[in-house]
Colleague: 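Please find one structure pasted underneath; my questions will follow.
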Amino acid sequence: MLNLFICLTVLWFILMTFLSHESGEHTARTSLKLAGFLKFLGDDIEEIDRYLRKIAHIVVFAIFTILFCKTMQLAKLPVWSMSLVYIFTIVDEATKPLIKGRHFSWYDVILNLAGTSIGVLVIMVL
């Protein structure tokens, strides 16, 4: 079971890091394409895109946190090791200025932290 969670955590980390570190042009294109799939939610694709970009931070970090923390639990690592996921919420955003068309945003850090906190709550309840 531990090996499964290690693989899932690593794969999710790679996916979320790839999506998070696309160039500004590519991330806009990816986001608009996803918003197009959600057109049944409304006619304004740009509004759907804005919400999608905000919610994506929360959902992606919540899933990562659940996978990461469960992996730490299964590996019988100390509880404090789960707090490492909070560091990545800032590191992820701090590396954005290195990418063309991207920038650091405290608002995005807060969204990342919200997702991470939701993930921690899920782990605590389960």
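Keep in mind the model is a prediction, meaning the values are calculated, not measured. Reckoned from all heavy atoms, side chains included, excluding hydrogens, waters and symmetry mates.
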Colleague: Can you list the steps and then say if Ile45 with Leu32 is a side chain to side chain contact (heavy atoms under 4.5 Å, CB included)?
Modeller: CA-CA 7 Å; Ile45 294 292; Leu32 278 171; 4.0 Å; yes
Colleague: If every non-hydrogen atom of Ala62 is compared with every non-hydrogen atom of Ile118, which pair is closest and at what distance?
Modeller: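 What the structure gives for the nearest pair is CB-CG2, 4.3 Å.
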Colleague: Could you tell me whether the side chains of Ser117 and Tyr86 share a donor-acceptor contact shorter than 3.5 Å?
Modeller: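 There is such a pair between these side chains.
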Colleague: Would a hydrophobic clustering, with Ile, Leu, Val, Met, Phe, Trp and Tyr connected at side-chain separations under 4.5 Å, put Ile6 with Met82?
Modeller: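 Cluster IDs for Ile6 and Met82 match.
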Colleague: Would you check if there is a donor-acceptor pair between the side chains of Lys70 and Thr9 at a distance under 3.5 Å?
Modeller: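 Lys70 and Thr9 do not have a side-chain donor-acceptor pair below 3.5 Å.
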Colleague: If you round to the nearest 0.5 Å, how far is OG of Ser23 from CZ of Arg29?
Modeller: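 Interatomic distance, Arg29 CZ to Ser23 OG, rounded to 0.5 Å: 7.0 Å.
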Colleague: Nearest heavy-atom pair of Thr89 and Leu113: which atoms, and what distance?
Modeller: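 Closest approach of Thr89 to Leu113: OG1-CD2, 3.3 Å.
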Colleague: Determine whether Val60 and Leu19 satisfy the following criterion, side chain to side chain contact (heavy atoms under 4.5 Å, CB included), listing intermediate values before the conclusion.
Modeller: CA-CA 10 Å; Val60 166; Leu19 292 173; 5.7 Å; no
Colleague: Grouping I, L, V, M, F, W and Y whenever their side-chain heavy atoms are under 4.5 Å apart, do Phe64 and Leu4 come out in a common cluster?
Modeller: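 Both belong to a single hydrophobic cluster.
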Colleague: Would a hydrophobic clustering, with Ile, Leu, Val, Met, Phe, Trp and Tyr connected at side-chain separations under 4.5 Å, put Met124 with Leu126?
Modeller: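 Cluster IDs for Met124 and Leu126 differ.
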Colleague: Within this structure, what is the OG-CZ distance for the pair Ser20 and Phe61, rounded to the nearest 0.5 Å?
Modeller: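 Here the rounded value is 6.5 Å.
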Colleague: Drop me the distance from Ile99's CD1 to Thr27's OG1, to the nearest 0.5 angstrom.
Modeller: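 Spacing of CD1 (Ile99) from OG1 (Thr27) equals 9.5 Å.
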Colleague: Indicate the atoms forming the closest heavy-atom contact of Thr65 with Gly119, along with that distance.
Modeller: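 Heavy-atom minimum between the residues: CG2-C, 3.8 Å.
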Colleague: Please tell me if the side chains of His57 and Tyr107 come closer than 4.5 Å, counting only heavy atoms from C-beta onward.
Modeller: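 They are not in contact (no side-chain heavy atoms under 4.5 Å apart), so the answer is no.
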Colleague: So, for Ser105 and Glu93, which heavy atoms are closest and what is the spacing to 0.1 Å?
Modeller: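 Heavy-atom minimum between the residues: N-OE2, 3.2 Å.
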Colleague: In Å, rounded to the nearest 0.5 Å, how long is the span from CE of Met72 to CG of Leu84?
Modeller: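 Met72 CE to Leu84 CG: 7.5 Å, rounded to 0.5 Å.
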Colleague: So Phe88 and Val91, do their side chains get closer than 4.5 Å, heavy atoms only?
Modeller: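 Yes, their side chains come closer than 4.5 Å.
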Colleague: Between Lys96 and Asp92, is there a salt bridge with N-O shorter than 4.0 Å?
Modeller: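 Salt bridge between Asp92 and Lys96, a charged N being under 4.0 Å from a carboxylate O: yes.
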Colleague: When hydrophobic residues are tied together by side-chain contacts of less than 4.5 Å, even through go-betweens, does Leu67 share a cluster with Val122?
Modeller: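 Result: no, two separate clusters.
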Colleague: So Val10 and Ile14, do their side chains get closer than 4.5 Å, heavy atoms only?
Modeller: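 Side-chain contact under 4.5 Å: yes.
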Colleague: Which residues satisfy the salt bridge (Lys or Arg N to Asp or Glu O under 4.0 Å) test with Arg102, sequence neighbours excluded?
Modeller: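 Expected list: none.
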Colleague: Do Phe18 and Trp12 belong together in a cluster built from hydrophobic side chains that touch within less than 4.5 Å?
Modeller: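 Linked, Phe18 and Trp12 end up in one cluster.
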Colleague: Report yes if the distance between the aromatic ring centroids of Phe13 and Phe68 is under 6.0 Å, otherwise no.
Modeller: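 When the ring centroids of Phe13 and Phe68 are compared, they turn out to be at least 6.0 Å apart.
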Colleague: Could you walk me through whether Gln73 and Phe5 pass side chain to side chain contact (heavy atoms under 4.5 Å, CB included), step by step?
Modeller: CA-CA 10 Å; Gln73 283 179 340; Phe5 271 89; over 6 Å; no
Colleague: How about Ser31 and Arg53: do any of their side-chain heavy atoms sit closer than 4.5 Å?
Modeller: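 A side-chain contact exists here, since the closest heavy-atom pair is under 4.5 Å.
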Colleague: Of all residues at least two apart in sequence or in a different chain, which pass the salt bridge (Lys or Arg N to Asp or Glu O under 4.0 Å) check with Glu22?
Modeller: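 For Glu22, no residue satisfies salt bridge (Lys or Arg N to Asp or Glu O under 4.0 Å) once neighbours in sequence are set aside.
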Colleague: Testing the basics here: between Ile123 and Cys69, what is the closest heavy-atom pair and its distance to 0.1 Å?
Modeller: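 Nearest heavy atoms, Ile123 then Cys69: CG1-CB, 3.7 Å.
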Colleague: If I compare all heavy atoms of Leu74 with all of Leu2, which pair ends up nearest, and what's the gap?
Modeller: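 Smallest heavy-atom distance, with atoms named: CB-CD1, 3.7 Å.
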Colleague: Could you walk me through whether Ile55 and Ile58 pass the side chain to side chain contact (heavy atoms under 4.5 Å, CB included) test, one step at a time?
Modeller: CA-CA 5 Å; Ile55 291 169; Ile58 296 168; 5.5 Å; no
Colleague: Working to the nearest 0.5 angstrom, can you tell me the gap between Trp106 CH2 and Ile90 CD1?
Modeller: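 CD1 of Ile90 is found 5.5 Å from CH2 of Trp106.
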Colleague: How long is the straight-line distance from CD1 of Ile63 back to CG of Leu8, given to the nearest 0.5 Å?
Modeller: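 Interatomic distance, Leu8 CG to Ile63 CD1, rounded to 0.5 Å: 11.0 Å.
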Colleague: Mark yes when over 12 heavy atoms from residues, nucleotides or ligands other than Tyr51 sit less than 6.0 Å from its OH; otherwise mark no.
Modeller: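 Not more than 12 within 6.0 Å, no.
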